[in-house]
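First the structure, which I've put down as structure tokens, then a few questions once you've had a look.
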2 protein chains.
Amino acid sequence: MTDAFSYPHPALAVDLVMLCVQGGALHVVLMQRADGAEMGGDWALPGGFVHRDTAPEDTVARVLAEKTGLHGIHFEQLATYGALGRDPRGHVVSIAYIAIAEAEALSVGVVANDTLTLARVHVGWSGEAGGVATAQTADGTLLPLAFDHADILGDMVKRLRGKLDYTTIGFEFLPPRFTLRAAQDVHEAILNQSLTKPAFRRKLLDRHPLRATGARETGGAYRPAELYEVDPEGGQ
Amino acid sequence: MTDAFSYPHPALAVDLVMLCVQGGALHVVLMQRADGAEMGGDWALPGGFVHRDTAPEDTVARVLAEKTGLHGIHFEQLATYGALGRDPRGHVVSIAYIAIAEAEALSVGVVANDTLTLARVHVGWSGEAGGVATAQTADGTLLPLAFDHADILGDMVKRLRGKLDYTTIGFEFLPPRFTLRAAQDVHEAILNQSLTKPAFRRKLLDRHPLRATGARETGGAYRPAELYEVDPEGGQ
DNA sequence: CCTTGTTATTATCAATACAGTTATTACTAT
DNA sequence: ATAGTAATAACTGTATTGATAATAACAAGG
């Protein structure tokens with residue numbers, strides 16, 4: 001076999017789909033690009049190049065810190081995009097990651113960087129069929145996406161919907177202690193459909209390792225809901 | 001932003017998990033490496049480097065053709081592996097793909113290349129929990145895997161099990177026309193558990209766009225089973 | 001030609017899991 | 001206290017699943 005580094009290979013990058021649930025809808029962090037005209041849209045997922053001898057996961061952590069100032073956020077790989085025409089600057093292969101945080105924390109990072117915005121994710125299809133997704137502002141204006149980032153958003157929704165029932169990914173949108181109503185809001189935002197409360201409660205408690213803390217919500221006007229937390233040992 | 005190609009970036013490769021179902025068990029194509037001692041094992045997934053201005057998918061097709069002589073086989077992306085120590089030669093990021101073919105076709109390609117072998121995939125866990133998988137010969141001898149390829153095999157099994165019910169990926173192991181019994185064999189091999197026949201029939205016909213052809217199996221000693229095919233329009 | 005063996009296919013039934021509705025409880029604010 | 005609201009529990013019917021049995025189709029052998 002010839003030496004791995006003796007011929008030109010593509011540039012490698014990571015793209016981050018930073019997500020939160022706010023006002024009953026899934027939101028994603030987008031970055032405004034000055035060179036949007038050549039890239040197919042003014043808005044793009046934040047990203048960065050992977051340098052040699054830096055692990056892609058470390059690059060993700062670096063980009064998260066650089067763009068939003070956030071640390072220790074949950075992220076996981078989505079897929080890798082490497083079609084030839086996807087970046088007009090040349091052959092750039094990009095590993096897309098999903099990063100999830102609670103809305104309050106993410107908002108702080110977005111406000112601190114004036115090239116960033118939190119856009120509502122609009123999905124034109126239901127179930128796990130798949131398709132593209134679009135991003136829009138609070139008043140419904142469409143934000144044109146650069147590169148193949150609309151495809152990435154579509155794949156992200158598909159992946160999220162598929163993992164919601166069988167993994168604990170949905171709880172990453174919530175603080176360590178949360179009410180079941182808050183968890184239901186997350187599921188409804190991601191699935192884009194309303195769920196019946198008792199059925200949701202049962203399914204959630206059956207399928208996931210949750211533990212009632214005994215503590216209750218404070219400050220509500222009416223009956224306070226109990227706070228639950230994910231039990232790290234409860235899986236097995 | 002600085003130019004994407006002005007600093008050293010990792011080498012990019014693809015690794016192929018070529019699969020088939022044979023004798024009731026999942027099998028994978030492995031390649032013997034002369035440099036196995038330094039790589040952590042004598043056996044590895046076939047792969048190749050991604051050259052600049054070549055799409056990763058085209059690299060997959062090239063490797064498939066080079067190693068096995070096969071064309072037009074179904075493949076899809078699994079995940080990308082980029083941990084720093086995974087390849088002792090340097091920083092190589094590898095996109096792993098799952099490729100699926102029927103056993104007869106794959107065997108032809110394996111026999112034609114004497115560095116290749118078809119190994120039985122042994123999975124030490126059930127469900128979709130995840131874990132590593134090992135490879136062994138027909139007589140049960142363990143084949144030590146190079147790099148992080150045991151992890152890749154484990155992720156492959158997890159992905160396959162998760163997609164089996166909700167996609168048509170299972171039918172890629174079968175010829176265009178197949179009996180329901182053959183489809184059940186594929187599911188049992190991948191899930192590593194036996195299924196009851198009538199329940200499997202119902203679920204398969206309910207969930208997937210299958211069409212009875214009216215034609216029947218030939219050559220069998222007893223009642224011939226009807227041949228089914230995937231209906232490309234049946235999905236919607 | 002008829003019987004037997006084996007497998008494919010369909011039918012039936014019980015057990016379970018699931019979702020929707022309604023009732024009850026617990027708390028806050030006035 | 002009382003009203004209002006949301007959390008929680010109990011109940012009910014429906015759909016899904018798993019096991020068993022019955023029937024149908026074909027080959028082989030007497």
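Lettering follows sequence order; numbering is per chain, from 1.
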Separation of D/dA25 C1' from B/L227 CG (nearest whole Å):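 For the pair B/L227 CG and D/dA25 C1', the rounded distance is 15 Å.
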
Is the backbone N or O of B/K67 less than 3.5 Å from a side-chain atom of B/N113, with the two atoms forming a donor-acceptor pair by type?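 Yes, because the side chain of B/N113 sits within donor-acceptor range (under 3.5 Å) of the backbone of B/K67.
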
Collect all protein-nucleotide pairs involving nucleotides 27-30 of chain D in which both atoms are nitrogen or oxygen and the distance is under 3.5 Å.
| residue | atom | partner | partner atom | Å |
| --- | --- | --- | --- | --- |
| D/dA27 | O4' | B/A221 | O | 2.5 |

Is there a donor and acceptor pair closer than 3.5 Å between the side chain of A/R201 and the base of C/dG20?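 It does not, because no donor-acceptor pair links the side chain of A/R201 to the base of C/dG20 below 3.5 Å.
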
Check whether any side-chain nitrogen or oxygen of A/T196 sits under 4.0 Å from OP1 or OP2 of C/dA19, and answer yes or no.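 No, no such contact exists.
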
Measure the spacing between CG of A/L19 and CG of A/L160 and express it to the nearest 0.5 Å.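 It is 6.5 Å, given to the nearest 0.5 Å.
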
Starting at atom CZ of A/R202, determine the distance to atom P of D/dA10, rounded to an integer number of angstrom.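 It is 12 Å, rounded to the nearest whole Å.
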
If I take atom NE2 in residue A/H187 and atom C1' in nucleotide C/dA19, what distance separates them, rounded to the nearest angstrom?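 It works out to 17 Å between those atoms.
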
Taking for each residue the nucleotide of DNA chain C bearing the nearest heavy atom, is the 5' side occupied by B/L205 or by A/R207?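 Residue closer to the 5' terminus by nearest nucleotide: B/L205.
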
Without decimals, in angstroms, what is the distance between A/E226 CD and C/dC27 P?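 A/E226 atom CD is separated from C/dC27 atom P by 10 Å.
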
Could you point out which residue of A/M156, A/M18, A/Q77 forms a side-chain contact (heavy atoms from CB on, under 4.5 Å) with A/I98?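 Among A/M156, A/M18, A/Q77, the one meeting side-chain contact (heavy atoms from CB on, under 4.5 Å) with A/I98 is A/M156.
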
Report yes or no: is the cationic atom of A/R207 (NZ for Lys, CZ for Arg) closer than 6.0 Å to the six-membered ring centre of A/Y166, at no more than 45° off its axis?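 Positive - A/R207 is close enough to the ring of A/Y166 and near enough to its axis.
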
Do A/T213 side-chain atoms and A/L227 backbone N/O form a donor-acceptor pair below 3.5 Å?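 Side chain of A/T213 to backbone of A/L227, a donor-acceptor pair under 3.5 Å: yes, one is there.
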
Starting from P on C/dA17, measure out to CG on A/D165 and report it in whole angstrom.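 For the pair A/D165 CG and C/dA17 P, the rounded distance is 16 Å.
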
How many Å lie between CD on A/Q184 and P on C/dG20, as a whole number?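 My rounded result for the distance is 11 Å.
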
Counting only side-chain N and O atoms of B/R216, is one of them less than 4.0 Å from OP1 or OP2 of D/dA25?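 No, outside the criterion.
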
Could you check how far CZ of A/R181 sits from P of D/dT8, rounded to whole Å?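 Value for this atom pair: 12 Å.
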
For B/K197, report the nucleic acid contact type (base, sugar-phosphate, nothing); a contact means any heavy atom under 4.0 Å.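 Base: the residue B/K197, judged by heavy atoms under 4.0 Å, touches a nucleobase.
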
Ring geometry between A/F171 and A/F178 (parallel below 30°, tilted from 30 to 60°, perpendicular above 60°):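 Parallel.
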
Salt bridge (charged side-chain N to carboxylate O under 4.0 Å, His left out) assessment of B/D185 paired with B/K197: CA-CA 10 Å; B/D185 288 340; B/K197 207 188 317 191; over 6 Å; no

Can you tell me how far C1' of C/dC18 sits from CZ of A/F200, to the nearest Å?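 Rounded to the whole Å, the gap is 15 Å.
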
